[in-house]
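The first residue in the sequence is number 1, and the count goes up from there. The basis for the numbers below is simple: all heavy atoms, side chains too, and nothing from hydrogens, waters or symmetry mates. Since this is a predicted model, take the numbers as computed values, not measurements.
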Amino acid sequence: MPKSHRAICFAAVILCAGVLRAQEEAGTPGSQPQSRMTTSRLFSCELPSSWNTFEEEDVLGAVFHALGPDDPTASYRTGLSVRWVDPEQTGYVEPKKAVELMRRSDRAVRRNATPVLPMRVAGLLARVFEVTETRVLPLERLPAGEKVIHHYVAVIPDRAGYYVVRLSSAREVYLDFHDDFRRCLQTFQPFAR
């Protein structure tokens with residue numbers, strides 16, 4: 001076999017090995033991505049293992065964040081947040097009113113919402129819905145352009161307060177994260193506050 005043919009065969013073997021390795025890391029089509037139980041001081045649930053998580057206190061109280069992948073244009077990063085809304089905090093709004101406010105149409109950002117569906121989450125009756133809105137992104141660099149953002153939202157009353165679970169992503173990829181949102185809710189365990 002001439003040297004040039006051996007080099008081509010060797011390159012083909014390396015290329016095939018790279019493709020197989022990428023398929024192993026990504027999983028087979030239709031397989032569930034790797035996930036892990038994530039525990040915060042607010043709750044525990046199952047989230048994709050590759051997502052980075054952190055908690056913080058802001059002016060509205062305790063909030064947990066999980067950062068996922070960027071969208072294909074790298075202008076919006078998928079993320080999940082879980083906020084505990086305490087009835088003793090300033091500006092508290094009851095859960096039903098909070099759902100109305102989150103779903104309210106807004107022409108400035110072209111906000112639209114789906115109907116509210118009931119869902120049992122950890123034995124609690126949650127209100128689940130979806131919201132889309134348009135933003136100018138990216139904020140930190142030009143050129144910026146309009147981007148439709150999709151939010152899966154669940155409001156979960158627990159005793160006096162409630163949790164707001166929100167998974168946000170670019171509209172182009174929102175279906176890629178539907179199972180992650182469902183898995184989060186199905187495994188969600190609130191901690192007594």
Margin query: Between Y152 and F177, does the ring pair (Phe, Tyr, Trp, His ring centres under 6.0 Å) criterion hold? Intermediate values first, please.
Written below: CA-CA 9 Å; Y152 292 109; F177 301 102; 8.7 Å; no
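- Both L185 and L175 are part of a single hydrophobic cluster, where members link through side-chain heavy atoms under 4.5 Å apart.
- The two atoms that bring T53 and R36 nearest to each other are CG2-NH2, 3.8 Å, heavy atoms only.
- The main-chain N or O of G68 is found under 3.5 Å from a side-chain atom of R77 such that the two form a donor-acceptor pair.
- With 3.5 Å as the limit, one finds a donor-acceptor pair spanning the side chains of H151 and S168.
- Under the 3.5 Å distance criterion, the side-chain polar atoms of Q89 are matched with a main-chain donor or acceptor of L60.
- Contact detail for Q189 and A122: the closest heavy-atom pair is NE2-CB, 4.1 Å.
- Atom CD of E56 has more than 12 heavy atoms from other residues, nucleotides or ligands within 6.0 Å.
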Note to self: Does R182 form a salt bridge (charged side-chain N to carboxylate O under 4.0 Å, His left out) with D179? I'd like the steps, not just the answer.
What the structure shows: CA-CA 5 Å; R182 284 290 197 205; D179 290 344; over 6 Å; no
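- Without hydrogens or angle criteria, R103 side chain to T114 main chain gives a donor-acceptor distance under 3.5 Å.
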Next item on the list: Would you please test E100 and R127 for salt bridge (charged side-chain N to carboxylate O under 4.0 Å, His left out) and show each step?
Entry: CA-CA 11 Å; E100 288 174 19; R127 296 172 178 97; over 6 Å; no
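- The structure places CZ of R171 at 12.0 Å from CD of E133, a figure rounded to the nearest 0.5 Å.
- Follow the hydrophobic side-chain contacts under 4.5 Å out from F188 and you reach M119 in the same cluster.
- Residue L42 is not grouped with residue V85 when hydrophobic side chains (ILVMFWY) are merged at heavy-atom distances under 4.5 angstrom, including chains of intermediate members.
- Side-chain heavy atoms closer than 4.5 Å link hydrophobic residues (I, L, V, M, F, W, Y) into clusters, and following such links, possibly through other members, connects L101 to F129.
- Residues A170 and Y76 come closest through the heavy atom pair N-CD2, 3.8 Å.
- Under the 4.5 Å side-chain contact rule for hydrophobic residues, L80 and V173 share a cluster.
- Between the side chains of E46 and S35, at least one donor N or O lies within less than 3.5 Å of an accepting N or O.
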